[in-house]
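Everything on this sheet refers to the single structure shown next.
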Amino acid sequence: MGGRLRDKIAVVTGASRGIGAGIAEAMSEEGATVIACDVLPFENAAFAACEQLDVVDEQAWQTLIGSVIDRFGVPTVLVNNAGVTGTEAIDEISLDEWNRIIAVDQTGVFLGMKSVIPGMIAAGGGAIVNISSICGAAAVPDIAPYHAAKAAVLTLTKNAAVTYAPDGIRANAILPGWIATPMTAGQSDAVNRVFLDATPLRRPGSPADVAGAAVFLASDESAFVTGVDLPVDGGYLAR
């Protein structure tokens, strides 16, 4: 086991599978006390705790963070990873579906930060890692609400970075490209081929690729890094 995150208490959302599980497992291996959260109940003995959390529920966030503080101490690392996607264009999507995706992918990030920042201020600092997407910085047809939410995550992250820098809190965003996860496996081959064909490295990424970036941004190795948008995308955004 490494020690790059020793003595850090990390809350990771969307941690039951895919990118979230990869990040939570990597942080645990680096010595963090990991509280892994997901909207569905799950178990993983690698983590200090597995908690059910709906990221759009502000009271659920407050209850979770209060429990974490009582059991483990103040969280000094937050990874806002939970997310959903959709395929509709602007003229096709219903307002209910728009609101559902914005709630999870954008408002959930806001609520996560709002819930942990007071404790981080009291503790003298912390690290926030928000998971955006290449679709937060570059457009493809359709998926309008996903584009909107993931782009908002980037500017919200920068806002947190400049607002809370005097409190010792760093906030950075990761923009994953096409990552092999259960979510992308559930997409059509045609959709997946569009992204893979536009990836210069010509291969899918893995949750471990994103996890490596998240560990760096949560660790003291990145102590002078804040407000950054870090693509982990095989060169997709460099085209």
Side-chain angles (χ1 to χ4, degrees), residues 1 4-85 100-123 125-132 149 153 156-157 160 169 171-174 176 179 181-183 207-208 210-211 213-215 217-219:
M1 182 177 70
R4 299 162 69 195
L5 300 179
R6 187 179 294 112
D7 300 326
K8 297 187 185 296
I9 299 167
V11 173
V12 182
T13 68
S16 70
R17 63 178 189 167
I19 290 173
I23 291 172
E25 289 165 3
M27 289 189 168
S28 180
E29 290 170 1
E30 289 294 339
T33 298
V34 173
I35 296 85
C37 307
D38 204 277
V39 69
L40 298 175
F42 71 107
E43 297 293 335
N44 189 324
F47 308 138
C50 296
E51 300 290 344
Q52 190 171 1
L53 174 70
D54 183 348
V55 296
V56 307
D57 185 335
E58 183 173 11
Q59 182 58 56
W61 268 111
Q62 293 173 353
T63 300
L64 171 73
I65 298 306
S67 174
V68 171
I69 291 171
D70 289 343
R71 296 173 63 191
F72 305 106
V74 173
T76 51
V77 173
L78 170 67
V79 181
N80 278 310
N81 167 75
V84 295
T85 189
R100 181 185 73 88
I101 295 170
I102 296 296
V104 176
D105 293 356
Q106 179 178 335
T107 306
V109 172
F110 155 69
L111 289 175
M113 292 197 292
K114 181 181 180 182
S115 299
V116 302
I117 284 172
M120 288 183 176
I121 292 173
I128 296 168
V129 181
N130 293 327
I131 306 302
S132 179
V153 167
L156 187 60
T157 301
I169 298 172
N172 294 288
I174 297 174
I179 308 296
T181 67
M183 179 180 288
V210 183
V215 167
L217 292 174
S219 75

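This one's a predicted model, so the numbers in the text were calculated from it and none came from an experiment.
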Report the C-alpha distance between L156 and N130 in whole Å, list the side-chain angles of each, state the deciding distance to 0.1 Å, and finish with yes or no for side-chain contact (heavy atoms from CB on, under 4.5 Å). CA-CA 9 Å; L156 187 60; N130 293 327; 5.8 Å; no
Is there a side-chain contact between [X] and [Y], using heavy atoms and a 4.5 Å cut-off?
X	Y	result
D105	V84	yes
I19	P176	yes
N172	V129	no

Does [Y] offer a backbone N or O that forms a donor-acceptor pair with the side chain of [X] under 3.5 Å?
X	Y	result
T63	Q59	yes
S28	A46	yes
Q52	L40	no
D54	V39	no
S132	V153	no

Could you go step by step and tell me if L111 and V55 meet the side-chain contact (heavy atoms from CB on, under 4.5 Å) rule? CA-CA 7 Å; L111 289 175; V55 296; over 6 Å; no
Shortest non-hydrogen separation from [X] to [Y] and the atoms involved:
X	Y	result
V68	P75	CG1-CG, 3.7 Å
V11	C37	CG1-SG, 4.0 Å
T76	A123	CG2-CB, 4.5 Å
A48	T33	CB-CG2, 3.5 Å
A127	L217	CB-O, 3.8 Å
V74	I69	CA-CG1, 4.0 Å

Counterpart residues, side chain to side chain contact (heavy atoms under 4.5 Å, CB included), relative to Q106 (two or more places apart): I102, A149, A152
Check ion pair K8-E30 (N to O, under 4.0 angstrom): no
Spacing of [atom1] belonging to [X] relative to [atom2] belonging to [Y], to within rounding of 0.5 Å:
X	Y	atom1	atom2	result
Q62	D57	CD	CG	9.0 Å
T13	I23	OG1	CD1	8.5 Å
R17	N44	CZ	CG	14.5 Å
E58	F110	CD	CZ	6.5 Å
K114	T107	NZ	OG1	11.5 Å
I131	T157	CD1	OG1	9.5 Å

Check the pair R71, I35 against side-chain contact (heavy atoms from CB on, under 4.5 Å), reporting the backbone distance first and the verdict last. CA-CA 11 Å; R71 296 173 63 191; I35 296 85; over 6 Å; no
Determine whether I121 and I169 satisfy the following criterion, side-chain contact (heavy atoms from CB on, under 4.5 Å), listing intermediate values before the conclusion. CA-CA 7 Å; I121 292 173; I169 298 172; 3.8 Å; yes
Within a radius of less than 6.0 Å around CG of D7, do more than 12 heavy atoms belonging to other residues, nucleotides or ligands occur? no
